[in-house]
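Here is the naming used below: chain letters follow the sequence lines, and residue numbers restart at 1 for every chain. Below, all heavy atoms of this structure are taken into account, side chains as well, without hydrogens, waters or symmetry copies.
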4 protein chains.
Amino acid sequence: MKHIKRRERESSEIRRKIIEAARSLFLNQGYAEVSMRKIADQIEYSPTTIYHYFANKEAVVRELLLEGNTLFLQALQQREQEGRAAGLNALDMLKTVSDAYVRFGTANPEYYNILFISNLESVSLVSLFDSGRFKGFELLEAGLKAAMEEGCIIQGDVRLIARSVWSMLHGLTSLLLNFEFPMAKSNDELIAFTIDTFLRGLSR
Amino acid sequence: MKHIKRRERESSEIRRKIIEAARSLFLNQGYAEVSMRKIADQIEYSPTTIYHYFANKEAVVRELLLEGNTLFLQALQQREQEGRAAGLNALDMLKTVSDAYVRFGTANPEYYNILFISNLESVSLVSLFDSGRFKGFELLEAGLKAAMEEGCIIQGDVRLIARSVWSMLHGLTSLLLNFEFPMAKSNDELIAFTIDTFLRGLSR
Amino acid sequence: MKHIKRRERESSEIRRKIIEAARSLFLNQGYAEVSMRKIADQIEYSPTTIYHYFANKEAVVRELLLEGNTLFLQALQQREQEGRAAGLNALDMLKTVSDAYVRFGTANPEYYNILFISNLESVSLVSLFDSGRFKGFELLEAGLKAAMEEGCIIQGDVRLIARSVWSMLHGLTSLLLNFEFPMAKSNDELIAFTIDTFLRGLSR
Amino acid sequence: MKHIKRRERESSEIRRKIIEAARSLFLNQGYAEVSMRKIADQIEYSPTTIYHYFANKEAVVRELLLEGNTLFLQALQQREQEGRAAGLNALDMLKTVSDAYVRFGTANPEYYNILFISNLESVSLVSLFDSGRFKGFELLEAGLKAAMEEGCIIQGDVRLIARSVWSMLHGLTSLLLNFEFPMAKSNDELIAFTIDTFLRGLSR
DNA sequence: AATGAATGAGTATTCATTCAT
DNA sequence: AATGAATGAATACTCATTCAT
């Protein structure tokens, strides 16, 4: 193991297969079902092989977490840039980024689960502040600050408000993922309505 | 099992110990960590003894779920009645019941987890519509309908709006339970701010 | 327990229920499925109650064995007497008693299993020579002796021949019980053919 | 499991130890007593190790069953060829193959039990018609057909007669295995006498 | 680079049985 | 006469992991 350059190991094809298998198990069967042996079976390697690429199960899950973070941030940032390119005002920016948040969650349930729902104590080593969820949070805080400066929302403690917005977005996403039930209206309408309502509440 | 008198069994002290141990494990370590053996260890009885009181693990968890439902509903209804007694208008009723929801969750994290976060597929036998979470939902719909009639909130699809409110409350609660991080303001302020903001968004 | 007269205990209604439940479990699910708890469940008493009537599981099974013996012997003897009443000759007597043997087995699979197939080591305490199967065997030996004296079958070691006949009857019965498979002819024909053929082989 | 080379696994020494231990438990204590733990104890490995070689308990027993089938058939076929080489007539062929059947059973009680006595419902996956007992049965049917054509036994439904012969052989074997009791004559004499008598009954 | 071998600890559940009442 | 309480030992099976090769 020692003579292999870190780079090569990390970009190994098997390494990718491993975390893809883990992700798929996570998605289809839940965290409890992600076992080293099941991953190994899925990629048709021996369980031992996994230990060649990851120190232990936690490391696999952590990788998944990091990957999810990256993709999550990318999704938010891309929509932000699109908004900026379209010349949106601060309020509409908030709206579009909020929408991006929920879309990411519903489109990538396995990642959203890993990031925000499963209480991965075993992975809490990844300290909260390293974790990309807080980069996403900073992005949100920045957006709110801008909106305050533009005068389109109320003045107030930015962190408090950001957390409040996040709560609304998280609740929306996680109920969509876990408790769908019959509604006359579509999920899209629910998403739009909830975000709009909350932001209207914030507006001056 | 039929030969045992139900009454005596259900009021047994050990029975209580069992579900309390289960509840505590649930709270501290998550569903996956609730094992019959661990429960037994905690109450200092043999694992077999648990089977004297519950048919299997699912029965233990189901009991916990039912208990949580009952307490949750009671909490909401009590606050509703207090509000009614205090002669609150429809909007303030919504506010107070919303507050009760979040308070229940933060005060009873183990129950809130069982009810709304852990995806207890194994216990899904307790059909969704019997389950108290939907009684709570009906209570919310009724409150919204009243507020619409009083003209203090916008007109709209009651079910959609109820789900929207629930999303906000659930997000608030579950982030409080799982992701506390430093804020200048207190959790109480966050709760009040979030509920107020959302309801302001709903107001005419 | 001590103050109860043996007679009463043995004729108790619950005692009967217990062994009937055991018999039914034996029949429907096989020996491995006869458990004290299952018996108790079936009769709707507590498992402990069974120990009021039987020292342990072995005692229950032993009782079943004794009962099977009795019934088995009765079946053979009744047919013998009927044959005698009908004035059958020695060879026809052998035939009719042989038929009775197989009929008993196929009509009472649970008893036949207990008596001759399940290797109830735990019950082997009931010494072979007390066991009624040997009374049945004596009956067979007597029949053969009579047939020899009448000159309708070959002379020979009676015990050897009796064991030989028994082998044929047991094979017939136990394959009927455990390995039915498609045949153009009926089981009745198979039984008659096998007994006839064997006895023809014995005839002079 | 797919990632392990089948060849190496199947020829493993431990694999052999496992099934030998299982066979011995089967013989000495009956099917119900074959437990993974007991096998492990006997070979002085951990129970987990067994799962390295067999998917589950059923797989162990199935292997035993298949092995028994193979050996059983080989025993019958070998004697048949010897008979053919010796130029035996059809009736003597029946005799010698019958003898081979009983010899196999008494020489390999554990296999005979697995094949014809224990009711291995759990292993019934191995469909009856694949199973060697039916290949053995076909061999018997063929022998009878030949004997009919040679005119040395009565004409009749071959399947019925084959089943009848099988019954006799099975009864002989299984009583020899399970109920030995004092006789002046030897088991060999019993076997020869029973087979001869039955076949005499079949002769013209 | 990959894996076969091996395991200790754990999972839910069932069993026959004892004992005090 | 009947049972509630309790248990130690067993069941099949899964898990993450280590180690020598």
- Task: Tell me whether the guanidinium CZ or amine NZ of B:K57 lies under 6.0 angstrom from the six-membered ring centre of B:F26 and within 45° of its axis.
- Result: no
d([atom1], [X]; [atom2], [N]) in whole Å:
{"X": "B:K57", "N": "E:dT13", "atom1": "NZ", "atom2": "P", "value": "8 Å"}
{"X": "B:E33", "N": "E:dA12", "atom1": "CD", "atom2": "P", "value": "10 Å"}
{"X": "B:F54", "N": "E:dT13", "atom1": "CZ", "atom2": "C1'", "value": "16 Å"}
{"X": "C:I18", "N": "F:dT3", "atom1": "CD1", "atom2": "C1'", "value": "13 Å"}
{"X": "C:K38", "N": "E:dT14", "atom1": "NZ", "atom2": "P", "value": "9 Å"}
{"X": "A:M36", "N": "F:dT18", "atom1": "CE", "atom2": "C1'", "value": "12 Å"}
{"X": "C:R37", "N": "F:dT3", "atom1": "CZ", "atom2": "C1'", "value": "14 Å"}
{"X": "A:D41", "N": "E:dT3", "atom1": "CG", "atom2": "P", "value": "12 Å"}

So, OP1 or OP2 of [N]: does either fall under 4.0 Å of a side-chain N or O from [X]?
{"X": "A:T49", "N": "E:dT3", "result": "yes"}
{"X": "C:T48", "N": "F:dT3", "result": "no"}
{"X": "A:S35", "N": "F:dA16", "result": "yes"}
{"X": "C:Y51", "N": "F:dA2", "result": "no"}
{"X": "A:Y53", "N": "E:dA2", "result": "yes"}

- Task: Begin from the C-alpha positions of D:F72 and D:Y111 and carry the test ring-ring contact (aromatic ring centres under 6.0 Å, His included) through to its verdict.
- Result: CA-CA 8 Å; D:F72 176 59; D:Y111 285 129; over 10 Å; no
- Item | Which residue lies more 5' along DNA chain F, comparing B:I14 with D:V34 via nearest heavy atoms | B:I14
- Item | Strand partner of F:dA20, provided both Watson-Crick or wobble distances fall under 3.5 Å | E:dT3
- Note on the structure: Among the nucleotides E:dT14, E:dA6, F:dT3, whichever has the atom closest to the side chain of D:H52 is E:dA6
- Contacts of A:E33 that satisfy side chain to side chain contact (heavy atoms under 4.5 Å, CB included) - sequence neighbours left out: A:Q29, A:K38
- Message: The criterion is side chain to side chain contact (heavy atoms under 4.5 Å, CB included); which residues satisfy it with D:S24, sequence neighbours excluded?
- Response: D:N28, D:Q42
- Message: Can you work out whether A:I50 or D:S46 has the more 5'-proximal nearest nucleotide on DNA chain E?
- Response: A:I50
- Task: Could you pick out which residue, B:N56 or C:A55, lies toward the 5' side of DNA chain E when each is mapped onto its nearest nucleotide?
- Result: B:N56
- Lys/Arg N to Asp/Glu carboxylate O, A:E67 vs A:R16, below 4.0 Å: yes
- Heavy atoms under 4.0 Å, any strand shown: does D:V60 hit a base, just sugar-phosphate, or nothing? nothing
